[in-house]
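Order of the sequence lines sets the chain letters (A, B, ...), proteins ahead of strands, with each chain counted from 1. Just so we're clear, the structure is a prediction, and the values are computed from it rather than from any experiment. Hydrogens, waters and symmetry mates play no part in the numbers below; they use all other heavy atoms, side chains included.
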Number of protein chains: 2
Amino acid sequence: MSIPRNTKAKQAVLHEISSSDFALSQPEIFERVKGACDRVTVYRVLDRLVMENKIHKIVNVDGTINYARCTSCDESHTHAHDHLHFSCITCKKIECLEEQLIHVKLPDTYQIKELFLTISGTCPSCQAT
Amino acid sequence: MSIPRNTKAKQAVLHEISSSDFALSQPEIFERVKGACDRVTVYRVLDRLVMENKIHKIVNVDGTINYARCTSCDESHTHAHDHLHFSCITCKKIECLEEQLIHVKLPDTYQIKELFLTISGTCPSCQAT
DNA sequence: TGCAAAACGCAACAATGTTGCATTAAATGA
DNA sequence: TCATTTAATGCAACATTGTTGCGTTTTGCA
């Protein structure tokens, strides 16, 4: 396995993801690091960051892919994909609700590898009161 | 609202989705109705069928979009997106497990509109015994 | 400071989805 | 059965998102 390097592009991408309070898509990330690196580099950096467990990949209800910082889990262990993602239909932001773990009981004939729950609706800050 | 028509393309697309025992993607559907209509028509027919509640749209764990027949729900009511999708990592098929309803309790500040759970793993027919 | 290879930029390509517009064909009523 | 209305189609062109190959640059380490 190769030794990861801490490059400018990687720092820029990770910084944008870290400083955002919701999950970002590749185009959004590229937009925010504008000029720091090439479009292709963003893709490659994202892949690497996912492999290094620094960020994780979230698929939204519409199929768009977003990336967010792993907050509750440290980098040393494989990310546990058993928590919930909330996708706001108003502001389009995606939050991880990591304290809400999911337990589903399926027939023994199904072997579960990964659990993937996204709930769409209206988040607290978008509630029209 | 416009009156939907029962066209050849629509029949062909619906037939392929109906006769498949797992969810199909747009490319798969286009491949199967080959010659019956244009690629663009498949997209438009799929959108219409979703709006008419004849089929439903499933996003896989990798972000690919698949379409399946609504079996348990009739066409007259809005589809309830509160059941579970099982995505097999071996045969790539997606099944709806409609009997497994999901109930998630979130803080009242979150308004849930749609629940979207996909579990990936190995389905019964792909189990190496 | 020099070296190996990790990472990058660029160009080209591929897959997937969208839009506009002229043409075709379903459903309905005469 | 035929004419009419407009839903639906086909085609071309475009947009977005993601991938691959390859020569060049840069990082981390000795």
Verify the neighbour count for atom CG of A:Asn6: are there more than 12 heavy atoms of other residues, nucleotides or ligands below 6.0 Å? yes
What is the distance from CG of A:Asn66 to C1' of D:dG18, rounded to the nearest Å? 15 Å
Verify the distance criterion only: is there a donor paired with an acceptor across the side chains of B:Ser87 and B:Asn60 at less than 3.5 Å? yes
Figure out the OH/C1' separation between A:Tyr43 and C:dG9, and round it to whole Å. 16 Å
Euclidean distance, atom CD of residue B:Glu31 to atom C1' of C:dA15 [Å, nearest integer]: 15 Å
Between A:Glu95 and B:Tyr110, a side-chain donor and acceptor under 3.5 Å: yes
Check whether any side-chain heavy atom of A:Arg32 lies under 4.5 Å from a side-chain heavy atom of A:Leu24, and answer yes or no. yes
Please examine the side chains of B:Glu28 and B:Asn66, heavy atoms only from C-beta on, and report whether any two atoms are closer than 4.5 Å. yes
Between C1' of C:dT19 and CZ of B:Arg39, the distance in whole Å: 12 Å
Let me have a per-nucleotide readout for nucleotides 2-9 of chain D, 5' to 3', with B, S or -, counting only protein heavy atoms under 4.0 Å. ----BBSB
Let's go through B:His85 and B:Val59 carefully: what are the C-alpha distance in whole Å and the side-chain angles of both, what is the deciding distance for side-chain contact (heavy atoms from CB on, under 4.5 Å) to 0.1 Å, and is it a yes or a no? CA-CA 9 Å; B:His85 300 127; B:Val59 179; over 6 Å; no
Length of the line joining A:Gln11:CD and D:dT26:P, which is rounded to integer Å: 14 Å
Measure from CZ on A:Phe30 to C1' on C:dC8 and round the result to the nearest Å. 13 Å
Do the side chains of B:Val13 and B:Leu49 get nearer than 4.5 Å, heavy atoms only? yes
Axis-to-axis angle for the helix from C:dT1-D:dA30 to C:dA30-D:dT1, ends of five pairs each, to 10°, equals 30°
Within-4.5 Å side-chain heavy-atom neighbours: B:Glu16 and B:Glu31: no
What's the CG-P distance between B:Asp47 and C:dG17, to the nearest Å? 10 Å
Taking atom C1' of D:dT16 as reference, at what distance in whole Å does atom CD of A:Glu28 sit? 14 Å
May I ask you to test the A:Lys57-A:Leu46 pair for a side-chain heavy-atom distance under 4.5 Å? no
